[in-house]
Colleague: 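Below is one structure. I have some questions about it.
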Amino acid sequence: MASAVTGSTRLAAVIGDPVRHSRSPAMFNAAFEACDLDWVYTAFEVPEGRAVAATDAMRALGIAGLSVTMPHKAAVIDGLDELTDGARALGAVNCITNAEGHLTGHNTDGAGFVASLRRAGVEPAGLSAVVLGAGGAARAVIHALGEAGAEGVAVANRSADRAELAAALATTGRPLPMGDLPEALGTAGLLVNATSLGMREGDAPVVDPRHLHPDLVVSDLVYQPLETPLLAAAEAAGCRTVDGLGMLLHQAAIAFELITGLPAPFEAMASAAGFGA
Ligand code: NAP
């Protein structure tokens, strides 16, 4: 954060409900400080149904950028002037930029996921992937894996109808019946848990550990806890693992770049995220 807020300090924020737990203010304010920018970032608790009121306020107040979280990622679209192709395909926005009142909606989740894979030394192009889940995070990951050239993206989800819709977001996507998961894992190069399983204490690994093998990279989007039962089982099976923190940091770093037009100070954002060393 700028050492003193003045009349020329620029404002960015996250909108959501709940939002007080968000790590975005810590990450963005650390980034502004690292870049010596006279900017400040805060959190606005905006109740469901008020997303368009928030975008109207963004124009009226000249707020430079907004991050968008639950429950506004779809509803906020009605208040925007333009969407990127990715945000339009997903029907969900997690970042809004403001060019003199012209608001553009972006979705940085999928690109953040792919960047986190690459940072861990995993190139998704040509990989055969299995994605578990079909909610907002899964949809962003499936779309991004398709864009990044994954050879195949098989989508398994508790609710099969949602798996079919989500799989259509990748050109190489296909729905995968839950019963076919063991066979698909046998030939896959990447497994992504994009369900919320693993967040609660006592959750079992989301797949049977016997189906994990050392040629499989295993990624879990859950970041609380960072070491999920799936990642623990994957490590025991000799798999390379990628935890959910990388996606969280990279989607924020990409949003920082969109909002400020500057390269993100990634290390400063990472140490401010509050996950320890
Ligand atoms: P969401 O839209 O609510 O989707 C939840 C998904 O989990 C759905 O596919 C749902 O299946 C599945 N699911 C939930 N409970 C289940 C159960 N008991 N058994 C089987 N499947 C179950 O949530 P989301 O926003 O996509 O988030 C999913 C996870 O990703 C969360 O843990 C979130 O914290 C994490 N996430 C991480 C990042 C990051 O930056 N690392 C970003 C976004 C989200 P149905 O369709 O059958 O209901």
Side-chain angles (χ1 to χ4, degrees), residues 14 16-19 21-24 26-28 48 67-76 86-87 90-95 106-117 119-120 130-145 153-169 173 175-179 181 191-208 218-231 241-256 264 266 269-270 273-275:
V14 55
D17 187 16
V19 78
H21 66 290
S22 171
R23 292 171 195 260
S24 293
M27 287 193 282
F28 277 83
E48 188 156 17
S67 306
V68 181
T69 188
M70 294 274 289
H72 304 306
K73 286 185 172 189
V76 80
L90 295 169
V93 160
N94 76 339
C95 170
H106 311 255
N107 194 309
T108 68
D109 278 337
F113 172 73
V114 167
S116 78
L117 284 184
R119 194 174 182 89
V130 172
V131 177
L132 304 174
R139 288 169 57 83
V141 162
I142 292 160
H143 181 258
L145 284 172
V153 186
V155 181
N157 189 49
R158 177 177 64 177
S159 313
D161 52 334
R162 296 186 80 201
E164 195 161 332
L165 288 172
L169 288 164
L176 180 72
M178 278 293 193
L181 197 51
L191 167 66
V192 184
N193 175 39
T195 75
S196 40
L197 288 175
M199 294 181 81
R200 284 169 301 268
E201 209 168 312
D203 274 354
V206 63
V207 298
D208 185 334
V218 178
S219 172
D220 203 326
L221 304 194
V222 171
Y223 55 85
Q224 262 172 334
L226 266 187
E227 163 125 314
T228 61
L230 174 66
L231 292 187
T241 60
V242 182
D243 67 36
L245 178 57
M247 175 174 169
L248 181 76
L249 292 173
H250 280 285
Q251 62 77 25
I254 297 166
F256 176 94
F266 187 83
M269 296 180 83
F275 286 91

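Note that these values count all heavy atoms, side chains included, but never hydrogens, waters or copies made by symmetry. In listed order, ligands and their atoms are each counted from 1.
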Colleague: Are there more than 12 heavy atoms of other residues, nucleotides or ligands under 6.0 Å from atom CE of M178?
Modeller: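 More than 12 heavy atoms, drawn from other residues, nucleotides or ligands, come within 6.0 Å of this atom.
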Colleague: Classify the contact between D109 and ligand 1 as side chain, backbone, both or neither, using a heavy-atom distance cut-off of under 4.0 Å.
Modeller: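 The answer is neither; D109 stays 4.0 Å or more away.
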Colleague: Give me the residue, atom name and distance of the protein heavy atom closest to atom 16 (C) of ligand 1.
Modeller: R158 NH1, 3.4 Å
Colleague: Checking the side chain of N94 only, and the main-chain atoms of T108 only, is there a donor and an acceptor separated by less than 3.5 Å?
Modeller: yes
Colleague: Within the side chain of N193, is there an N or O that forms a donor-acceptor pair under 3.5 Å with the backbone of D220?
Modeller: no
Colleague: Rounded to the nearest 0.5 Å, how far does CG of L132 lie from CG of L197?
Modeller: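 One gets 9.0 Å once the value is rounded to the nearest 0.5 Å.
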Colleague: Scan side-chain atoms only and decide if D161 and S159 contain a donor-acceptor pair under the 3.5 Å cut-off.
Modeller: no
Colleague: Of all the non-hydrogen atoms in the protein, which one sits nearest to atom 28 (C) of ligand 1, and at what distance?
Modeller: A194 O, 3.5 Å
Colleague: Any chance you could lay out the side-chain contact (heavy atoms from CB on, under 4.5 Å) test for F113 and V192, step after step, and finish with the verdict?
Modeller: CA-CA 10 Å; F113 172 73; V192 184; 3.7 Å; yes
Colleague: What protein heavy atom lies closest to atom 42 (C) of ligand 1? Include the residue and the distance to one decimal.
Modeller: M247 CE, 3.7 Å
Colleague: Suppose we measure from atom 37 (C) of ligand 1 to each protein heavy atom; which comes out shortest, and what is that distance?
Modeller: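 That would be L221 O, 3.1 Å.
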Colleague: Report, as yes or no, whether the 6.0 Å neighbourhood of atom CD on E48 holds more than 12 heavy atoms from other residues, nucleotides or ligands.
Modeller: no
Colleague: Go through ligand 1 atom by atom and flag the ones less than 4.0 Å from a non-hydrogen atom of G136.
Modeller: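 Those qualifying, in numeric order: 2 (O), 26 (O).
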Colleague: Ignoring hydrogens and angles, tell me if any N or O in the side chain of N107 forms a donor-acceptor pair with the backbone of A92 under 3.5 Å.
Modeller: yes
Colleague: Kindly indicate whether the side chain of D17, heavy atoms from C-beta on, has any atom under 4.5 Å from the side chain of P71.
Modeller: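 Yes, close enough: below the 4.5 Å cut-off.
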Colleague: Between L230 and L191, is a side-chain contact (heavy atoms from CB on, under 4.5 Å) present by the stated rule, with each step listed?
Modeller: CA-CA 10 Å; L230 174 66; L191 167 66; 4.3 Å; yes
Colleague: Any N or O on S159 sitting closer than 3.5 Å to an N or O of ligand 1?
Modeller: yes
Colleague: Please list, in number order, the atoms of ligand 1 under 4.0 Å from a heavy atom of Y223.
Modeller: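 Every atom of ligand 1 under 4.0 Å from some heavy atom of Y223: 37 (C), 38 (C), 39 (C), 41 (N).
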Colleague: Which residue and atom name correspond to the protein heavy atom nearest atom 24 (P) of ligand 1, and how close is it?
Modeller: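 The closest heavy atom on the protein side is A137 N, 3.8 Å.
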Colleague: Taking both backbone and side-chain atoms of L248, is any N or O found less than 3.5 Å from an N or O belonging to ligand 1?
Modeller: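 The answer is yes, given that L248 and ligand 1 share an N or O pair closer than 3.5 Å.
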Colleague: Considering only protein heavy atoms, which is closest to atom 33 (C) of ligand 1, and at what distance to one decimal place?
Modeller: M199 SD, 4.8 Å
Colleague: With rounding to the nearest 0.5 angstrom, report the CZ to CZ distance, R162 to R139.
Modeller: 8.0 Å
Colleague: Go through ligand 1 atom by atom and flag the ones less than 4.0 Å from a non-hydrogen atom of G133.
Modeller: 9 (O)
Colleague: Relative to the heavy atoms of G244, which atoms of ligand 1 are at a distance of less than 4.0 Å?
Modeller: 39 (C), 41 (N)
Colleague: Please report whether atom 3 (O) of ligand 1 has a protein non-hydrogen atom at a separation of less than 4.0 Å.
Modeller: no
Colleague: To the nearest 0.1 Å, how far is atom 46 (O) of ligand 1 from its closest protein heavy atom, and which atom is that?
Modeller: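 Checking every protein heavy atom, the shortest distance to atom 46 (O) of ligand 1 gives R162 NH1, 2.7 Å.
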Colleague: Closest by any non-hydrogen atom to atom 29 (C) of ligand 1: pick that one out of T195, V222, L132, D161.
Modeller: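 It is T195 that holds the nearest heavy atom.
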Colleague: For atom 9 (O) of ligand 1, grab the closest protein heavy atom and report residue, atom and distance to one decimal in Å.
Modeller: N157 OD1, 2.7 Å
